[in-house]
Amino acid sequence: MMSTQVLLDLKNVNKVFGTNHVLKQIDLQIERGKFITFLGPSGCGKTTLLRSIAGFYTIDEGEIWIDGKLVNDLPPYKRGTPMVFQEYALFPHMTVFDNVAYGLDIQKRPEAEVQERVQAALAKVKLTGLEERYPHQMSGGQQQRVAMARALVMNSPIILLDEPLSNLDAKLREEVRVELRAIQQELGLTVIYVTHDQLEALSMSDYIVVFNKGAIDQYGTPHEIYYKPRTRYVADFIGTTNFVEATVKEVSGPEATVEYGINGHTVKVSTSEQVAVGEQVLLSIRPESLRINQPEAGDFTIRAVVKSSMFLGEKERYFLSGYNGTEWIVDAYDIGQTSFEGNVDIRAAADKIHLIKMAD
Ligand SMILES: Nc1ncnc2c1ncn2[C@@H]1O[C@H](COP(=O)(O)OP(=O)(O)O)[C@@H](O)[C@H]1O
Ligand SMILES: [Mg+2]
């Protein structure tokens, strides 16, 4: 990452509330023009970090750099990073114009400048002509554009969005998601978006930051987070997966041969983790990467018993029991062609198996 592209640089950021160590050694660099999602369950510190970046909280240790400037001691209005909250993304009793002008009015900018900047911001989000409307007279997508215009009018280097869609119903949320991402890409904005919804994170982001109890477990693209989770926590949090314990038997470069199950089966997987012979590791295999009773489907093989299955539209989800009672979930997409019961053989190709270190 070229340093000139780094817009937000967090160095060893720590935040404590009383005895609660809420942010733990946060190191993170965010590039200009990217859509970044902070993802994690409720209470893991997402809002606290966002508020710390915006300047509403003072951090206890570390440095926050925005656009090459150390901002630790700057108040929110001098950082220029307004937040959009779920509760009051827009003021319902104000027109679109007044909503967008709000931040400038607070700063008591001259009337002519307010006019000009609001019009320019509305033009950017393609809302020219709708200045006198009220939020309730607009679609969800348009309202989101107004919320973005409110941030744009302040010339914010970064737009911080804290779960802005959580009050919307599922269908509208999907529509607004697409809209938000489109605006961000059209205008090349740098957006930090907070959510606890993993699908939302996977579908919108350039990069996802996965939080685990106030620390960053992984920073990566949606594909990396999904297919190469660094920890069991990340693998578990993002989608559904199967875990198998295994023992490292041989290491050669980026490949490790591991033994799993009760019959001494081995499989060779590639990994970027440093592992040693004898080490206990976890193998993570997604339900869609497993096949039932397909001898050609790969080197990894386990015997299991079908317990139940569930029709999920585009796929049939099977619940199985393996050795020592381990539970397995396998998704089959050839619905109607075959149906499995009793004793079966589950397989996966080696390149669909992801190795996770236990120690994490
Ligand atoms: N102003 C505050 N005073 C004391 N504790 C707080 C405050 N804000 C958040 N916390 C605590 O910090 C932790 C992280 O909260 P928060 O950042 O809101 O998590 P998230 O946004 O991921 O749900 C929680 O344990 C919460 O109770
Ligand atoms: Mg929150």
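Because the structure is predicted, anything quoted here is derived from the model rather than measured. The figures here come from the full heavy-atom set of this structure, side chains too, leaving out hydrogens, waters and symmetry mates. Order of appearance sets the numbers: ligands from 1, and atoms from 1 within every ligand.
- Counted by atom type alone, Thr266 and Glu259 present zero donor-acceptor pairs between their side chains at under 3.5 Å.
- Every protein residue with a heavy atom nearer than 4.0 Å to ligand 1 is included here: Phe17, Asn20, Val22, Pro41, Ser42, Gly43, Cys44, Gly45, Lys46, Thr47, Thr48, Tyr57.
- If you check the side chains of Thr241 and Ser284, you find a donor sitting under 3.5 Å from an acceptor.
- For the Mg ion (ligand 2), the neighbouring protein N/O/S atoms at less than 2.8 Å, given as residue and atom, are Thr47 OG1.
- Side-chain polar atoms of Thr221 and Asp206 form no donor-acceptor pair below 3.5 angstrom.
- For the residue pair Tyr193 and Glu200, a side-chain donor N or O sits within less than 3.5 Å of a side-chain acceptor on the partner.
- The pair Lys126-Glu186 counts as a salt bridge, with a side-chain nitrogen and a carboxylate oxygen less than 4.0 angstrom apart.
- Using a 3.5 Å distance cut-off with no hydrogens or angles, the side chains of Glu163 and Thr195 do not pair a donor with an acceptor.
- Tyr207 does not carry Lys34 over the face of its six-membered ring by the limits of under 6.0 Å from the centre and within 45° of the normal.
- One finds no salt bridge joining Glu175 and Lys171 here, because no Lys/Arg side-chain nitrogen approaches an Asp/Glu carboxylate oxygen to under 4.0 Å.
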Step-by-step side chain to side chain contact (heavy atoms under 4.5 Å, CB included) determination, Gln142 to Leu130: CA-CA 10 Å; Gln142 286 174 325; Leu130 301 186; 3.7 Å; yes

